Asker: 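Below are the structure tokens for one structure; questions will follow.
All values reported here derive from a predicted model rather than from experimental measurement.
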Amino acid sequence: MTRCILIGAPVDEGQRRPGCLMGPAAYRVAGLGATLGALGHQIEDRGDVRPTVASPAEHPNPAVHHLAETLAWTEALSAAAEAAMADGLPIFMGGDHSLTLGTLSGVAAYAKKEGRPLFVLWLDAHSDFHSPLSTVSGNLHGTPMAYAHGEAGFDPFPPFPAPVPGAHICMFGIRSVDEAEHAALAQTDITVNDMRVLDELGIVAPLRDFLDRVRAAGGLLHVSLDVDFLDPAIAPAVGTTVPGGATFREAHLVCELLHESGLMSSLDLVELNPFLDERGRTAKLMVDLVGSLFGRKVFDRPTRSF
């Protein structure tokens, strides 16, 4: 039995399409807590994080927007994440991916205090490896992985507590990386399993290789699951759709393998925009995937219609 700590992160400022702030409520309505409880896990819902009033902040890149608000979210979510790690396995219900600036910061601080290496599995269509200086869109949801890796250009964000080495990061399902991110990633040891790699090698071998490294190091594993990791044909409720994503079975296989490894220590659920959903189908699918992450097998699922 795992003590699952649900933490809402209604962050909407990291991109420009409103709606992600409704994500935490959608996960609750779709039965995330009930799904985990039915699997025998202990559930504690700590409600939604509320940041302090944002202090004014400016940035030399004029494209960057909502910097002050994102700084406030980062501080609040970092504190919530570090506290929750000491009590169980936190599940951060987002919210756009800029929330991971805070969640990973708090998880890294906890790992450093415990003297354990931190690993990150990035299930996403995008690498999110911009800095605030390099982003052209100004959307800070495209920066958290660069922040966690310790890349330059993040003033006035606080220094990342313990930058995650590239060898400890695995990007999975990537299929949209722009030129600046590609150049930056080429200077790192980050494993990038894009969809070409997964088409050639399949899901199992690359994922097991990474999980073996986590296990050998005795590491903590943070999993960040973006809705756009999935193909938009099965998960339309995201503002950053990229064709060619993971299928229903591929996504469940990833989650089942993660459960069997017993290594996951924290989880982000990000970029769900209920305003773009169809009768809640994406929220229900994400909850179903969380079920696989926590022990449900594919043959346990009842037949249902959306």
Side-chain angles (χ1 to χ4, degrees), residues 9 11-17 20-21 51 54 57-78 81 92 94-109 118 120-166 168-188 190 192 222-229 238-240 242 268-271 273:
V11 182
D12 220 19
E13 290 83 2
Q15 37 78 58
R16 295 184 185 273
R17 193 157 193 175
C20 286
L21 83 170
E58 297 182 356
H59 198 273
N61 181 353
V64 170
H65 61 91
H66 291 100
L67 176 60
E69 292 85 352
T70 304
L71 285 166
W73 274 116
T74 298
E75 180 183 0
L77 285 166
S78 180
F92 305 101
D96 70 58
H97 223 152
S98 67
L99 70 87
T100 307
L101 293 160
T103 61
L104 256 181
S105 178
V107 169
L118 177 62
V120 179
L121 179 62
W122 198 254
L123 301 172
D124 199 328
H126 307 88
S127 62
D128 292 347
F129 210 71
H130 273 294
S131 75
L133 282 175
S134 71
T135 177
V136 175
S137 69
N139 296 334
L140 293 175
H141 72 167
T143 65
M145 205 64 265
Y147 183 50
H149 188 254
E151 295 292 301
F154 274 87
D155 292 336
F157 285 88
F160 197 80
V164 183
H168 291 191
I169 298 170
C170 178
M171 297 183 174
F172 215 76
I174 303 298
R175 55 196 189 278
S176 178
V177 180
D178 67 27
E179 189 173 331
E181 290 175 298
H182 192 278
L185 284 166
Q187 305 302 312
T188 74
I190 294 172
V192 181
H222 181 83
V223 176
S224 199
L225 173 57
D226 191 312
V227 171
D228 68 26
F229 169 67
V238 63
T240 51
V242 184
D268 292 330
L269 305 172
V270 302
E271 296 288 350
N273 186 334

Asker: Say you draw a straight line from CE of Met171 to CG of Leu121; how long is it, rounded to the nearest 0.5 Å?
Answerer: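 Here the interatomic distance stands at 10.5 Å.
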
Asker: Is it the case that the side chain of Asp124 and the backbone of Asp226 share a donor-acceptor pair, with hydrogens and angles ignored and the cut-off at 3.5 Å?
Answerer: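 Between the backbone of Asp226 and the side chain of Asp124 there is no qualifying donor-acceptor contact (under 3.5 Å).
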
Asker: How many angstroms lie between atom NE2 of His168 and atom NE2 of His222, to the nearest 0.5 angstrom?
Answerer: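 One gets 16.0 Å once the value is rounded to the nearest 0.5 Å.
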
Asker: Thr240 versus His141: any side-chain heavy-atom pair under 4.5 Å?
Answerer: yes

Asker: If you apply the rule side chain to side chain contact (heavy atoms under 4.5 Å, CB included), what do you find for Leu101 with Trp73, and how did you get there?
Answerer: CA-CA 9 Å; Leu101 293 160; Trp73 274 116; over 6 Å; no

Asker: Taking the side chain as C-beta and beyond, is there a heavy-atom pair between Pro60 and Leu133 under 4.5 Å?
Answerer: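 They are in side-chain contact.
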
Asker: Rounded to the nearest 0.5 Å, how far apart are CE of Met145 and OG1 of Thr100?
Answerer: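 Met145 CE to Thr100 OG1: 8.5 Å, rounded to 0.5 Å.
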
Asker: Which is it for Thr188 and Phe129 under the side chain to side chain contact (heavy atoms under 4.5 Å, CB included) test, yes or no, and what are the steps along the way?
Answerer: CA-CA 11 Å; Thr188 74; Phe129 210 71; 4.0 Å; yes

Asker: I'd like to check the side-chain hydrogen bond (donor to acceptor under 3.5 Å, both in side chains) partners of His65; sequence neighbours left out, ordered by chain and number.
Answerer: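 Scan of His65 (side-chain hydrogen bond (donor to acceptor under 3.5 Å, both in side chains), adjacent residues dropped) gives Asn139.
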
Asker: Please enumerate all residues that pass ring pair (Phe, Tyr, Trp, His ring centres under 6.0 Å) together with His97, with sequence neighbours excluded.
Answerer: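 Partners of His97 by the ring pair (Phe, Tyr, Trp, His ring centres under 6.0 Å) criterion, ordered by chain and then number, come out as Trp122.
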
Asker: If you compare all heavy atoms of Phe92 against all heavy atoms of Ala81, which two are closest, and at what distance to 0.1 Å?
Answerer: CZ-CB, 3.5 Å

Asker: Taking all non-hydrogen atoms of both residues into account, name the closest pair between Ala152 and Ser131 and its distance.
Answerer: O-CB, 3.5 Å

Asker: Are Val11 and Val270 close enough that some pair of their side-chain heavy atoms sits under 4.5 Å apart?
Answerer: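 A side-chain contact under 4.5 Å is absent here.
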
Asker: Got a sec, which residues hit side-chain contact (heavy atoms from CB on, under 4.5 Å) with Ala180, two or more places apart in sequence or on another chain?
Answerer: His130, Asp178

Asker: Between Ala108 and Phe160, which heavy-atom pair has the shortest distance, and what is it?
Answerer: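 In this case the closest contact between Ala108 and Phe160 is CB-CE2, 3.4 Å.
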
Asker: Donor-acceptor pair, distance only, cut-off 3.5 Å: does the side chain of Thr135 make one with the backbone of Pro132?
Answerer: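 No, Thr135 side chain to Pro132 backbone: no donor-acceptor pair under 3.5 Å.
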
Asker: Would you say His182's side chain and Val177's backbone share a donor-acceptor pair under 3.5 angstrom?
Answerer: no

Asker: I would like to know whether Leu67 and Phe157 meet side chain to side chain contact (heavy atoms under 4.5 Å, CB included); could you show each step before the answer?
Answerer: CA-CA 9 Å; Leu67 176 60; Phe157 285 88; 3.8 Å; yes

Asker: Run the side chain to side chain contact (heavy atoms under 4.5 Å, CB included) test on Glu13 and Leu140 for me, step by step, so that the C-alpha distance in whole Å, both residues' side-chain angles and the decisive distance to 0.1 Å come before the verdict.
Answerer: CA-CA 8 Å; Glu13 290 83 2; Leu140 293 175; over 6 Å; no

Asker: Within the distance-only criterion (no hydrogens, no angle test), does the side chain of Asp96 pair as donor or acceptor with the backbone N or O of Gly14 below 3.5 angstrom?
Answerer: yes

Asker: Nearest heavy-atom pair of His126 and Ile174: which atoms, and what distance?
Answerer: O-CD1, 3.4 Å

Asker: What distance do Glu271 atom CD and Leu99 atom CG have between them, rounded to the nearest 0.5 Å?
Answerer: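 The CG atom of Leu99 is 8.0 Å from CD of Glu271, to the nearest 0.5 Å.
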
Asker: Residues in side-chain hydrogen bond (donor to acceptor under 3.5 Å, both in side chains) with Ser127, at least two apart?
Answerer: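 By the side-chain hydrogen bond (donor to acceptor under 3.5 Å, both in side chains) rule, Ser127 matches Glu181.
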
Asker: Not counting sequence neighbours, which residues clear side-chain hydrogen bond (donor to acceptor under 3.5 Å, both in side chains) with Thr70? List them please.
Answerer: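 Partners of Thr70 by the side-chain hydrogen bond (donor to acceptor under 3.5 Å, both in side chains) criterion come out as none, since no residue qualifies.
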
Asker: If I take atom OH from residue Tyr147 and atom CG from residue Asp128, how far apart are they, to the nearest 0.5 angstrom?
Answerer: 15.0 Å

Asker: Sequence neighbours left out, what passes side-chain hydrogen bond (donor to acceptor under 3.5 Å, both in side chains) with Glu69? Give chain and number order.
Answerer: none

Asker: Just verifying a value: how many Å separate Ser224 OG and Ile169 CD1, rounded to the nearest 0.5 Å?
Answerer: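 It comes to 11.5 Å.
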
Asker: Using modelled atom types and a 3.5 Å cut-off, is there a donor and acceptor pairing between side-chain atoms of His149 and backbone atoms of Glu151?
Answerer: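 Pair absent, no side-chain N/O of His149 close to backbone of Glu151.
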
Asker: Which heavy atom of Leu77 sits nearest to which heavy atom of Ala9, and what is that distance?
Answerer: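 Shortest heavy-atom separation between Leu77 and Ala9 comes out as CD2-CB, 3.8 Å.
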
